[in-house]
Every structure is written in structure tokens, then in C-alpha cells.
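Atoms considered below: every heavy atom in the structure, side chains included; atoms not considered: hydrogens, waters and symmetry mates. Numbers restart at 1 for each chain; the letters A, B, ... are given by sequence-line order, proteins then strands.
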Amino acid sequence: MSSEVTLTLNGESRAFTCSAESPLTVQSLVVLLGLDPRKVAVERNEEIVPRSRYAETRLTSGDALEIVHFIGGG
Amino acid sequence: MDGSIASDDNWTVAGHSFRSRLIVGTGRYKDLEETGAAIAASGAEIVTVAVRRVNVNDPKAPMLQDYVDPKKYTYLPNTAGCFTAKDAVRTLRLAREAGGWNLVKLEVLGPPPLLYPDMQGTFEAAEALIKDGFQVMVYCADDPLAAKRLEDMGCVAIMPLGAPIGSGLGLQNPAMLTMIMQQVKVPFLVDAGVGTASDAAIAMELGCTAVLLNSAIAHAKNPVLMAQAMKHAVQAGRLAYLAGRMPRHMGADPSSPLTGLIR
């Protein structure tokens, strides 16, 4: 049975479908978004999620995520 | 000596040694190709970078790393756009996670139009970051007390402004910069205010360890040419500093002898 997880992703509300067999994790979210995990950093509810814990960090409705990368700056 | 800078004239910050005394920003260029070309022309070994939200709707957009190789250049993440200590600390923790670097550029800014360093916020952020294991190069006001305090806290480089960020006004405070420099033992850089090559040369002639700039290159009509100019200006200023300038006279002192003249 699938369910929906609603996240605040970089300030915008986004809904994702997941199931008991394939829960939404930071790892699956990053892959779903098409991002290269080596080039981004993730904060969940203002706490850094280390890259080594992406796969085990489950996301639930109401979580606020920031996904950032490097851009040009002075 | 053959006129080039001695090969051992390196500088060291927090245990990392560099040959180039020019640190350049990677922002405000027309595109990433131009960013990469200008940075290569500058000879810089350290580049500042900003941390921003990924555009999750366009994950395949070109990335800075594709044009400015983090294996070739030392990325120095900044906290540009942070107006509170909390945001600055959050930003650099994310930067550390994204890239693994502890060496960072801290700036906590006051509001536009000056974006002047907010020293209270800077002290708070520096304290939290140092406690968390960061090596903090700090953008600050040209305030000798603030500079000393930041050094005593453990900041690894003191980087006062020569003029507001992006103003291109040149060094407005050479005397104060010199006075602060004389009491600081860690690397001392001018960060912000450089508008053209002579400004960078002046900073180096004063005795700065290095110069940090971005807009002076990125907003030049030809950024790649200006990047070369900055490279040479920093080297020229460094050589002049090492050479030691002649004393100033209030009057003429001829170079040709005044004796033996024809009559």
C-alpha cells in the first residue's frame, strides 16, 4: 500500500509517494530528484544529515529539508 | 635573484601552504565558462564559493564543480548573504558536509546598501565555528580591536575590507590597514573594495599576506584580461614590499650628479 509524504523542500511544499517496502529516505529522495549525492549537502529540520546516513534517514510528513550545493560567490 | 619572486615565498594559512597570493571569488560572471577561464588566468589557488539551494526542478543544470575543479583549486566556502550568526554557522556546516572542508570564509553582514561587516554577529559565529572545528578566515571591519579579538579567539586569517563589497572604490583605509596589520600575527588579507590592478598592488605593497577579490575581475569589461592584470599586480606589489620602498622626500634629489657639468 502506498502513502504520501509531504515535505517542505527548499522552502516549497512537495508530495512524494512511498510505501512500506520502499520508504522515503534522504537517499531515495536525492536519487528521485536526479541529484548527484556527491555534490550536495542535506539538512533535515535544521540538522545536517551526513552522507553516510542518507540511506537510513527516513523522511516523514512535515519534515523540512534543505538541499544545497556550491555556486559562484565572492 | 633573477627578478622573479623567490620560489620559497609561499604563505601558509592553518597549515595549508600556497604560492599564489591572490584569492578570487567565483561569482558574478557571465557564465560558468567565463568563470573557469578567468580563474585560470588569475593563477589563484584558492577560490571562494557560495552555498545555495539546489534548483530541484533543474537537477541537470551545469554546476560550478564542472568548470572550477575542486581537485585543482581549494574551495573556500563563504557565508555571503548571511545576516545572522546562526545562518552563517548553518551555511558552513552544510558546506563542510558538501565538500569536506574545514577552512572557511566567515562573513556576517549588515543590511544593504553597505553590507558592512556585523561584528557582533561575526564574533558569535566565529566562536561557534571554532568550537566546532572550523578554521575560520574572517571578513571584518577595519577595526584594530575587533581584529585582535578575532585573532585571539583563534581565527586563522584576518580579512578587513578596503571598501564596501563590490564597490570597486579601492583601499580607502591604507593607514588603518597598516596599523591593524602590525599587530596581527596570522595571515592578513584585504577582502573587498579592490577595483583595479593598482588597488591590489597597493594592498600588497602595504604588506598584506594576500588579496581576496571578485567583482574587480568579474565586472571588468574583459574579465580574463583583468584576471591576468590582478595576477601581475599582486606579484608586483609583493616584490615591491619585499624590496622595501625608498624613503619619501619633500623635495628633489637628483639621480644624475650635479658635478662635472659642461660650462
Completion exercise
So, the part of Ile71(A) with a heavy atom under 4.5 Å from chain B: the answer is both

Practice task
Mark yes or no for whether Arg53(B), through its side chain, and Val68(A), through its backbone, hold a donor-acceptor pair below 3.5 Å.
Solution key: no

Practice task
Under 4.5 Å heavy-atom distance to chain A, tell me which part of Tyr29(B) shows up: side chain, backbone, both or neither.
Solution key: neither

Completion exercise
Of the listed Thr91(B), Ile165(B), Val49(B), the one with the largest count of heavy-atom pairs under 4.5 Å with chain A is Val49(B)

Handout entry: Check against side chain to side chain contact (heavy atoms under 4.5 Å, CB included), Arg90(B) and Glu66(A)
Key = CA-CA 11 Å; Arg90(B) 261 181 92 186; Glu66(A) 294 286 346; 3.9 Å; yes

Problem - From Asn55(B) atom CG to Asn10(A) atom CG, the distance as rounded to the nearest 0.5 Å - result: 9.0 Å

Completion exercise
Between the CG atom in Asp36(A) and the CD atom in Gln65(B), the distance rounded to the nearest 0.5 Å is 8.5 Å

Handout entry: Engaged part of Asp191(B) at the chain A interface, taking heavy atoms whose separation is under 4.5 Å
Key = neither

Exercise for the section: Flag yes if more than 12 heavy atoms outside Arg52(B) fall under 6.0 Å of its CZ atom; otherwise flag no. Expected result: yes

Problem - Engaged part of Arg28(B) at the chain A interface, taking heavy atoms whose separation is under 4.5 Å - result: neither

Handout entry: Gln172(B) atom CD: more than 12 heavy-atom contacts under 6.0 Å
Key = yes

Handout entry: Region of Ala95(B) that comes under 4.5 Å of a non-hydrogen atom in chain A
Key = both

Handout entry: Within 6.0 angstrom of Glu127(B) CD, more than 12 heavy atoms from elsewhere
Key = no

Exercise for the section: List the atom of Phe70(A), the atom of Leu64(B), and the distance in Å for their closest heavy-atom pair. Expected result: O-CB, 3.9 Å

Practice task
Determine whether Leu33(A) and Val56(B) make a side-chain contact, defined as any pair of heavy atoms from C-beta on separated by less than 4.5 Å.
Solution key: yes

Practice task
Among the options Arg38(A), Arg51(A), Glu12(A), pick out the one with the most heavy-atom pairs lying under 4.5 Å from chain B.
Solution key: Arg51(A)

Exercise for the section: Using a 4.5 Å cut-off on heavy atoms from C-beta on, say whether the side chain of Val49(A) contacts that of Glu97(B). Expected result: no

Practice task
Determine, for Lys86(B) against Glu46(A), whether the closest basic-nitrogen to carboxylate-oxygen distance falls under 4.0 angstrom.
Solution key: yes

Handout entry: Salt bridge present between Asp66(B) and Lys39(A) (N-O < 4.0 angstrom)
Key = yes

Problem - Nearest heavy atoms of Ala41(A) and Leu94(B), plus distance in Å - result: CB-O, 3.2 Å

